[in-house]
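Report on one structure; see the data block that follows.
Whatever order the structure lists them in is the order used to number ligands and atoms, beginning at 1.
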Amino acid sequence: MSSTSQDELKKAVAKAAVDYIEPKLDNHSIVGVGTGSTANYFIDYLAEISAKFDGAVASSEASAERLKAHGIPVYDLNGVDELAVYVDGADETNPRLELIKGGGAALTREKIVAAVADEFICIADGSKWVDTLGNFPLPVEVIPMARAHVARQLVKLGGDPVHRHGVITDNGNEIIDVHNLKISNPKELETAINQIVGVVCNGLFANRPADVLLIGRQGGVEKITA
Ligand code: 5RP
């Protein structure tokens, strides 16, 4: 029996997300759009219904470029009063729909757009499902001059910080990936890391988890609500 590839699962959840949001959209709607390979498939399917909404807000320059290439207007978040939906991928999700994000270094803008959206829809292939977050190294965006200081504080929190060499975020900052964290309380750790001076944002989405998860498994796309 043939199994569905990870890429096909990403496409399936991207299409499922477009089907899920389509009835919620009208010609005034602005769609929040995430970053990464799953989000890229979402953008491509979203373009097929571009007549049904006004435009998008993007969580990265890369996604903005892809949206514009499809002719979808991209708005500055500051000029948008309301975002009905935000659709984005994840690096890990637990059953409470708490996430690790930031594998693509777009975590800060992703968290900002998620904060504004009425509904956050996470799209992920089945490999992202975990009982306990932390196998995927936790990305932390830092002000460049604070990198060593932040790394020392992350060691005190029990992690092994590794500088993601050569990566500068869309905000001009750097990324530390924190390995070997045991994330038994994601909300508490998210808050604790945010307290370190020099941290811009961390990739735990626990205080604002996803509202809906569309997860692609061999048997099909499953919808899980928080
Ligand atoms: C980018 C992200 C992505 O959503 C995450 O890395 C998942 O990426 P992909 O869809 O390529 O597996 O958080 O910062």
One thing to verify: whether [Y] and [X] come together as a salt bridge, which I'm taking to mean a side-chain N less than 4.0 angstrom from a carboxylate O.
| X | Y | result |
| --- | --- | --- |
| Glu141 | Lys111 | no |
| Asp7 | Lys11 | no |
| Glu65 | Lys68 | yes |

Under 4.0 Å from ligand 1, counting heavy atoms only, is it the side chain of [X], its backbone, both or neither?
| X | value |
| --- | --- |
| Ala105 | backbone |
| Asp88 | side chain |
| Ala90 | backbone |

Minimum side-chain heavy-atom gap Lys223-Val221 below 4.5 Å: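 Answer no - side chains too far apart.
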Atom indices of ligand 1, in the order listed, that fall short of 4.0 Å to a heavy atom of Ala106: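 Answer, ordered by atom number: 14 (O).
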Suppose we measure from [atom] to each protein heavy atom; which comes out shortest, and what is that distance?
| atom | answer |
| --- | --- |
| atom 2 (C) of ligand 1 | Glu110 OE2, 3.3 Å |
| atom 10 (O) of ligand 1 | Thr38 OG1, 2.5 Å |
| atom 6 (O) of ligand 1 | Asp91 OD1, 2.7 Å |
| atom 12 (O) of ligand 1 | Lys128 NZ, 2.7 Å |
| atom 11 (O) of ligand 1 | Ser37 OG, 2.5 Å |
| atom 3 (C) of ligand 1 | Thr35 O, 3.2 Å |

Contact check, Gly34 vs ligand 1, heavy-atom distance below 4.0 Å: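 Not so, Gly34 does not reach ligand 1.
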